[in-house]
Amino acid sequence: MTSRYRSPQGAHTSINSSAPRRRTVVKAAAATAILAGPLAAALPAGAAESASAFLHGVASGDPLPDGVLLWTRVTPTAEAVPGSGLGPATEVEWIVARDKALTTVVAKGSVTATAASDHTVKADVRGLQPATDYWFRFSAGGTNSPVARTRTAPATYASVSGLRFGVVSCANWEAGHFSAYRHLAARGDLDAWLHLGDYIYEYGTGQYGTRDTVVRQHAPTHEILTLADYRIRHGKYKTDPDLQALHAKAPVVAMWDDHEFANSAWSGGAENHTEGAEGAWATRQPAAKQAYFEWMPVRPAIAGTTYRRLRFGRLVDLSLLDLRSFRSQQVSIGNGDVDDPDRTLTGRAQLDWLKAGLKSSDATWRLVGNSVMISPLAIGSLPADLLRPLAELLGLPKEGLAVNTDQWDGYTDDRRELLTYLRSNGIRNTVFLTGDIHTAWANDIPLNAGTYPLSASAATEFVVTSVTSDNLDDILKVPEGTVSAVAAPAIKAANRHVHWVDTDRHGYSVLDITAERAQMDYYVLSDRTKAEATSSWARSYCTRSGTQKVERTYNPV
């Protein structure tokens, strides 16, 4: 699509814009049916008759020093609901201003929403000032969208005193409400927020997780397989008021993990995909990617992938990894070799890109958005009643063998090459930011876990818990904290590089960065099933410049 805008200088410009194992296969006929009910369910309650309305909110993403990507979806007619393929082409105007009242306009333009892109639109606005708050709005058919805030990144070579990012992962619609997003939105102090994957989930109603009660039903109710299905599911998520609030407060930097496609996805398939009964993966994966790029304010840096790099002055370089598009199939114990150098998690081109970027960076901190845990993990001595659900959650063999083949533990040659490269080139202050496993961790990343801490640490890792997706106390249906009391000491004893692990709580994190340290503050929710859930600070850990090690700090920023 093409959007037209007037830059602040007045020139006209044109721009081109671990989960439960396999459940009963959904019958293809039911899974691919496009019915009025499931389509309408992707709209807010009472909105089925709305036209030219911005029912799915507005968003911004991928901030640059001179610009940002704006996003919305317009519903031009009542039948033009997500996934329908219906509705006329509609001109959508946008405006960017220095103030919330939109009186000091710095850029404006228009873009056409069509059924071909599910009536989603993006405007890649440039010509803005670095490290500056802006407000924006869309208009179509006589209706205005809400006004939203965004912020540009600092200038490429600017000295930056500090940055603050929200960090989230793993939001299962049916497991609860997205209060974590609401509490992040209420802060009002974020330069941006990072979503580390599993923004949506692909399962049918009641098929993911172990709780007996579905807190709120998603749409469509069957497992999503087709382009229309993925569009409907994204549309449903974008009706959540807490998610809309966060998108309206700060730009997002998003990357996908497996559930944007299917559980334990790899380049040629997924654990939660059955060829034949559910069609070809070569059809399903591109459909999922298309819907993702339509519905998310994300720039595809390399065609069809999400790996890319953003810079925030001289303080931070942020490399975002796509760990699903290029990876070899996960091996099972006894049927493959996790050390096989011919197997890859990143793909050769992406690993070389990452290494080169980390080496050439002149930023104080090198952050890596990393969807699956890179730190090695041994289970240690856990009671059988805890070992089995932990193994299920982490994707481990239930016999307790210390290999998580969906994560970097299953692709040790890639990890060894990367960590050795960091050490041999003297690359410091590399921090991996990770989601995926519905639990919170603070880790050193050792070159050799067996000899640590006598051997070196190459980097550090902060793993964030889930927004709503099941963790151990949910699986076992026990009071919060009772699993961590037993599991955490055993995990730490078997993994001396692990400083902290919380297996039981849901929430979000805030990463605060200065030249001296990078600190992760972990916040937890009172009850994921309650729309009004409260938030409280749980723990904080930091890594000080030059140390490549994590240490506890006793107050949030």
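None of these values were measured; they are calculated from a predicted model.
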Glu202-Asn263 side chain donor-acceptor pair, cut-off 3.5 Å: no

Side chain Thr152, main chain Thr132, donor-acceptor under 3.5 Å: yes

Under-4.0 Å salt bridge between Asp512 and Arg164: yes

Set of side-chain contact (heavy atoms from CB on, under 4.5 Å) partners for Ala456, sequence neighbours left out: Arg423, Leu447

Heavy-atom closest pair, residues Thr306 and Tyr292: CG2-CE2, 4.1 Å

Test side-chain contact (heavy atoms from CB on, under 4.5 Å) applied to Ala245 - qualifying residues, sequence neighbours left out: Ala185

Sidechain N-carboxylate O distance under 4.0 Å for Asp444, Lys549: no

Glu551: side-chain contact (heavy atoms from CB on, under 4.5 Å) partners, not counting sequence neighbours: Cys542, Arg544

Qualifying residues under salt bridge (Lys or Arg N to Asp or Glu O under 4.0 Å), relative to Asp66, sequence neighbours excluded: none

Asp258 (side chain) donor-acceptor with Ser264 (main chain) under 3.5 angstrom: yes

Side-chain H-bond candidate by donor/acceptor type, Ser466 with His506, under 3.5 Å: yes

Short side-chain to backbone donor-acceptor contact, Gln350 and Thr346, under 3.5 Å: yes

Check: Tyr508 ring centroid to Tyr522 ring centroid under 6.0 Å: no

Cation-pi geometry met for Lys249 and Trp193 (6.0 Å, 45°): no

Presence of salt bridge, Asp362 and Arg314, under 4.0 angstrom: yes

Donor + acceptor pair across side chains of Asp257, Ser371 (<3.5 Å): yes

salt_bridge(Asp502, Arg539) N-O dist < 4.0 Å: no

Cation over ring face, Arg311 and Tyr157, 6.0 Å, 45°: yes

Flag, side chain of Ser509 to backbone of Val464, donor-acceptor distance under 3.5 Å: no

Validation row, ring centre Phe312 to ring centre Phe165 under 6.0 Å: yes

Main-chain N/O of Gly357 paired with Ser361 side-chain donor or acceptor, under 3.5 Å: no

Lys/Arg-Asp/Glu bridge criterion (N-O < 4.0 Å) met for Arg324, Asp406: yes

Trp500 and Asn443: CA distance, side-chain angles, deciding distance, side chain to side chain donor-acceptor pair (under 3.5 Å) verdict: CA-CA 7 Å; Trp500 178 63; Asn443 304 326; over 6 Å; no

Near-ring test Trp295/Tyr230, centroid separation under 6.0 angstrom: no

Pair Asp62 + Arg308, salt bridge at N-O below 4.0 Å: yes

Donor-acceptor under 3.5 Å (Thr503 side chain, Thr439 main chain): no

Evaluation steps, salt bridge (charged side-chain N to carboxylate O under 4.0 Å, His left out), between Asp474 and Arg528: CA-CA 11 Å; Asp474 301 317; Arg528 64 173 176 165; 3.4 Å; yes

Any donor-acceptor N/O pair, Ser169 side chain to Leu196 backbone, under 3.5 Å: no

side-chain contact (heavy atoms from CB on, under 4.5 Å) partners of Ser540, counting only residues at least two apart: Gln519, Asp521, Trp537, Thr553, Pro556

Centroid-centroid under 6.0 Å between Tyr237 and Trp173 rings: yes

Trp256 ring center near Tyr199 ring center (under 6.0 Å): no

side-chain hydrogen bond (donor to acceptor under 3.5 Å, both in side chains) partners for Tyr523, two or more places apart: none

Cationic N near anionic O, under 4.0 Å, Lys122 to Glu294: no

Arg343 to Tyr411, cation-pi by 6.0 Å centre distance and 45° axis angle: yes

Sidechain-backbone polar pair: Glu480 side chain, Asp473 backbone, donor-acceptor under 3.5 Å: no

Distance-only donor-acceptor check, side chains Glu461 and Thr434, under 3.5 Å: yes

Whether Ser319 side chain and Arg309 backbone form a donor-acceptor pair below 3.5 Å: no

Side-chain ion pair, Asp339 and Arg416, N-O less than 4.0 Å: yes

Ser328 side chain vs Thr344 backbone, donor-acceptor pair below 3.5 Å: yes

